[in-house]
Amino acid sequence: MSLISGIQGQLLEVTVVCCNKLKDTEWISRQDPYVCLEYGSTKFRTRTCTDGGKNPTFQEKFVFTLIEGLREINVVVWNSNTLTYDDFIGSGKIQLQKVLSMGYDDTAWPIQTKTGRHAGEVRLIMFYANANKPATSYAPSYTAPQPHTPMYSAPSYAAAYQTPSPYPEYPPHSAAYPPTPYPPPQTTAYPPVYPPPSAYPPMSYPPHSAYPHASYPPPTQDYSYPPGPYPPRPY
């Protein structure tokens, strides 16, 4: 049994990128190549690359509907002529095993003349979208538990370790002791230790005039110098 199955009706994208080192069928001017693709009864043709010569560029994409059991595409390269029939350059076969298994293939495929001689290469980019899809029969049936669903119920350690205390509980301070028979001290019952300044009578001092003035006799010796003349001072 083939590893690649179930391709019937699936889509395959093929992009004709370019041709490399084609056989030149023109002796005077440059040749005008184009590429034809054939898969089952489906045929596509690129535009003509005018004056493309040996290395024409196309960059054209085509979509094929796959057929079960058909694993290759035929490719033919022609040179377009205006007055005469188009010239055959070369042909080849494009294998689809790689693109159907991996989903992508970027290869330059060789083409040959009618006598089997090398006539150049055709570069294609192929893409198959259903290559990496897993089969539904192999889908896992395991369902992971929900994150919010607990796998077990944890024991309540707070309730397990609530043992009775060996010491009796004491009532509040207000209920543990009877009220004291002594009344609370009254701050106003005791007189102040020091009376306020107004309690002492003010001291009366005699006025300054009450004391007698001391009288001192005038000096009896006259310390004034007598009037002159005075003898000259010796030097």
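Only a predicted model underlies this, so the values are computations on that prediction, with no experimental measurement involved.
Here CZ of F58 is found 7.0 Å from CZ of R47. Values are rounded to the nearest 0.5 Å. In this structure, the separation between CZ on R45 and CZ on F62 is 9.5 Å, given to the nearest 0.5 Å. The CD atom of Q31 lies 10.0 Å from the NZ atom of K23; values are rounded to the nearest 0.5 Å. Atom CG of L70 is separated from atom CD of E68 by 10.0 Å, given to the nearest 0.5 angstrom. Between F64 atom CZ and E38 atom CD the span is 9.5 Å, to the nearest 0.5 Å. Rounded to the nearest 0.5 Å, atoms OG (S91) and CD (Q112) are 7.5 Å apart.
Using bins of under 30°, 30° to 60° and over 60° for the plane-to-plane angle, the ring pair Y34/W78 lands in the parallel bin.
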Checklist entry - Checking side-chain contact (heavy atoms from CB on, under 4.5 Å) for the pair Q95/E72: CA distance, chi angles, key distance, verdict? => result CA-CA 5 Å; Q95 303 300 322; E72 62 184 18; 3.3 Å; yes
Next on the checklist: Working note: K21 + N55, criterion side chain to side chain donor-acceptor pair (under 3.5 Å); need CA distance, chi angles, decisive distance, verdict.
Outcome noted: CA-CA 6 Å; K21 300 178 181 181; N55 301 295; over 6 Å; no
Checklist entry - Does the side-chain contact (heavy atoms from CB on, under 4.5 Å) test come out yes or no for E26 and N81, once each step is laid out? => result CA-CA 10 Å; E26 295 287 346; N81 291 320; 3.2 Å; yes
Next on the checklist: The test is side-chain contact (heavy atoms from CB on, under 4.5 Å); show your working for L96 and L12 and say whether it passes.
Outcome noted: CA-CA 10 Å; L96 304 180; L12 176 68; 4.0 Å; yes
Item to check | Residues T113, I89; criterion side-chain contact (heavy atoms from CB on, under 4.5 Å); working and verdict | outcome: CA-CA 6 Å; T113 63; I89 297 178; over 6 Å; no
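Scanning both residues, Q10 and Y128, for their nearest heavy atoms gives CG-OH, 3.5 Å. Looking at every heavy atom in both residues, P56 comes nearest to P33 through CG-CG, 3.7 Å. In terms of heavy-atom proximity, M102 sits nearest to A131 at C-CB, 3.9 Å. Contact detail for T57 and C18: the closest heavy-atom pair is CA-CB, 4.0 Å. For the residue pair I7 and L66, the shortest heavy atom distance occurs at O-CB, 3.3 Å. The shortest non-hydrogen separation linking A108 to E121 is CB-OE1, 3.6 Å.
No path of Ile, Leu, Val, Met, Phe, Trp and Tyr side chains, each step under 4.5 Å between heavy atoms, connects L37 with L11, placing them in separate hydrophobic clusters. Placement of W109 and V76 in two distinct hydrophobic clusters is found when ILVMFWY residues are connected by side-chain heavy-atom separations under 4.5 Å, directly or transitively.
Proximity of Q8 to I67: side-chain heavy atoms (C-beta onward) are separated by under 4.5 Å at one or more points. Residues I125 and D105 fail the side-chain proximity criterion, which asks for heavy atoms closer than 4.5 Å. Side-chain contact between P110 and H118 is present, with heavy atoms from C-beta onward closer than 4.5 Å. Using a 4.5 Å heavy-atom cutoff, the side chains of T107 and R123 are not in contact. You'll find the side chain of I94 reaches within 4.5 Å of the side chain of M126, heavy atoms only. In this structure, the side chains of V35 and E60 stay at 4.5 Å or more apart for every pair of heavy atoms.
The residue from D32, V77, D24, N79 that alone fulfils the side chain to side chain contact (heavy atoms under 4.5 Å, CB included) condition with D87 is N79.
Y39 and F44 have their aromatic ring centers separated by at least 6.0 angstrom.
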